[in-house]
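Down below is the structure, laid out as structure tokens.
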Amino acid sequence: MTKIALIFPPSVLPTNPPLGLAQLLAHLRVKGAEVRGFDLNLRYRELMIRKVMDGEIIMKLENRLPPPVNEILLDRSAEVLRGRKGEEFFVARRYNQYASFYRYAFDELDKMFVDVASQGLYGQKGTWMEAFLSELIEPVRAYRPEMVGFSLLFTQQILYALILAKEFKPLGIPIIAGGPAASSVPQAFFGSLNVKEHSIDVGSLIDYVVVGEGEVPLAALAEGFDDPSKIPGLVYRRGRIFETESQVAEDLDALQPPDYGDFDLTDYYSPSPVLPIAASRGCYWRRCSFCVHYKSYLRYRVKSVEKVVGEMESLQKRYGVNHFSFVDEMIHPKQFDKLSDSLITADLGVRFYALAKPTNEFDRPLLQKMHRAGARAILWGVESGSQRLLDLMEKGTKVEEMEGVLRAASEAGIWNMAFVLFGFPTETREEFLETLEFLKRNRVHIGTLGQSIFTLEIDSPVYRTPERFKVREIKTGRNPFYAACDFQVKEGLSPKEVYELKNRHEGELNSLYKVSPEFGYYRNHMLLYAERQERD
């Protein structure tokens, strides 16, 4: 079989190893493939910090601190977030300082990298970038792969993947893109991309795009299929663009546990490793009018609770971990009930967090059982404190029920993170304030927020039926990989008014965070803090 390198490209917060790669590694290995995973996102961060500390890369930050203060702060921030500075991670004031600075510094470093490295896509490179890219991909090159695959979880990883793909192109091997970000816009990988007024033929860099679940297509490509039209879930160009029908794993219990063996868990930005796992694929609700996550998986399927608990036990024994994050779109309360029973019986002593929808099925007895099973944080899709907007979003939730769920979860010992979405089409100023009042009214039961402003994405229900949501003047962006659109509304707050209103109330929103506003970004850290505070 073909020798494969699977890559997780920059640039996202490296708090845990990538589940997508780990799942594919496990599947391909059981099929007999020679494959290795490379977390170049983590390597990129480590390399950047080293180059900054050595003075090879100069940070230009607006805080105007004299050198080498920023450089020392960046290095120390990384060490604190990894838990390598004793208990400093669990001192909230210090944690907030370092977590915030680390994000700020890398926002600027990422901009600089993309600005310089993207020049290589149209034939121009600075000498320091050539050396940097060469060092970044050296472990992959040393592996001598016969095929390279990029796992793209977020849109911002796409440009990095293209930059790296050009480095591998001289090897004359097939290059594949897959993952949720690729699945949302597969045709864009065979068009052009404008970079600084230069048009880049992306199709000259990427040979195949895997749409949806990657196990079957990658295994088929590894076996050297001559006819890509026979491989499910594949987009490719042969003169014109072809797209084969996607295929899902019908029996999730037949899949192998994720294989994290290629990743050094002690290098990630978390004092204790938090491994991502999934109890299901897809979303059981699939109705939220702002959502496009349905593209990642064709149908909703669940693993048996025996399979889930078995995976957790296997990962616990193999890697010595006790912390997990469920990355499911959301877990159904009935599944949580069964899973909690099994975890209590197994007595693994694990701690975990997950996403869920705050409906009254999450009653007090269930939440207390979930806590006994190891749940220490739940990320709830609250979205709004206005019932009219919740109905328009088709969330299937009630304001009064959400309040009861947050209260019951908090009293059960579970930290609540409330996702809120401002600026949904037709939202009025009064409804914006309703959401703010909802949060303030329930502040004692809310640990942190996940704040966002509505983004209109291609193929969402709002995009498909804009009249229903009073949306007009939809304009797609210049970047074909970015599914967000500009728009205006016939009723309610305009996008500009939403930003202004949110900025006006930023102080009130920030006052709702109990320990750290950074937990909205570093979710794994919220789990560790929740466990520590309960223990103390």
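Values reported hereafter were calculated over all heavy atoms of this structure, with side chains retained and with hydrogens, waters and symmetry mates removed. These numbers were taken from a predicted model, which means no experiment stands behind them.
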> Going by heavy atoms in the side chains, are Glu361 and His332 under 4.5 Å from each other?
Replying inline: yes
> Do Asp328 and Ser280 have a side chain donor and acceptor closer than 3.5 Å?
Replying inline: yes
> Salt bridge or not for Asp253 and Arg301, using N-O below 4.0 Å?
Replying inline: no
>> Name the residue from Tyr353, Tyr95, Tyr269 that meets the ring-ring contact (aromatic ring centres under 6.0 Å, His included) definition with His525.
In response: Tyr95
>> Taking the six-membered ring for Trp, are Phe90 and Tyr529 closer than 6.0 Å centroid to centroid?
In response: yes
> Does the pair Lys369 and Asp363 meet the rule for a salt bridge (Lys or Arg N to Asp or Glu O under 4.0 Å), with working shown?
Replying inline: CA-CA 10 Å; Lys369 182 191 293 186; Asp363 57 19; over 6 Å; no
> Does the ring centre of Phe326 sit less than 6.0 Å away from the ring centre of Phe352?
Replying inline: yes
>> Nearest 0.5 angstrom please: Glu87 CD to Phe89 CZ, how far?
In response: 10.0 Å
>> Any side-chain to backbone donor/acceptor pair from Asn96 onto Ala92? Under 3.5 Å, distance only.
In response: yes
> What do you reckon, are the aromatic ring centroids of Tyr160 and Phe154 less than 6.0 Å apart?
Replying inline: no
> Could Glu329 and Arg286 be called an ion pair, given the rule that one side-chain N must be under 4.0 Å from one carboxylate O?
Replying inline: no
> Can a donor-acceptor pair be found between the side chains of Arg372 and Ser340 at a distance below 3.5 Å?
Replying inline: no
> Is the shortest distance from a Lys or Arg side-chain nitrogen in Arg76 or Glu79 to a carboxylate oxygen in the other one below 4.0 Å?
Replying inline: no
>> Assess, by modelled atom type and distance only, whether the side chains of Glu213 and His27 contain a donor and an acceptor separated by less than 3.5 Å.
In response: no
> Do the charged groups of Arg43 and Glu46 touch, with an N to O distance under 4.0 Å?
Replying inline: no
> Is it the case that Asp39 and Tyr268 place a side-chain donor and acceptor less than 3.5 Å from each other?
Replying inline: yes
> Is the Phe189 to Phe481 ring centre distance short of 6.0 Å?
Replying inline: yes
> Got more than 12 heavy atoms from elsewhere within 6.0 Å of NZ, Lys51?
Replying inline: yes
> Going through the checks in order, is the salt bridge (Lys or Arg N to Asp or Glu O under 4.0 Å) test met by Arg103 and Asp110?
Replying inline: CA-CA 10 Å; Arg103 280 198 310 109; Asp110 288 347; over 6 Å; no
>> Nearest 0.5 Å, please: how far is CD in Glu383 from SG in Cys288?
In response: 7.0 Å
>> As a quick check of understanding, evaluate salt bridge (Lys or Arg N to Asp or Glu O under 4.0 Å) for Glu411 and Arg364, giving each step before the final call.
In response: CA-CA 9 Å; Glu411 292 173 353; Arg364 193 173 300 276; 2.5 Å; yes
> Tyr102 and Tyr98: aromatic ring centres closer than 6.0 Å?
Replying inline: no
>> Set out, in order, the CA-CA distance, both residues' side-chain angles and the distance that settles salt bridge (Lys or Arg N to Asp or Glu O under 4.0 Å) for Glu223 and Lys230, then state yes or no.
In response: CA-CA 12 Å; Glu223 290 174 4; Lys230 303 297 184 185; over 6 Å; no
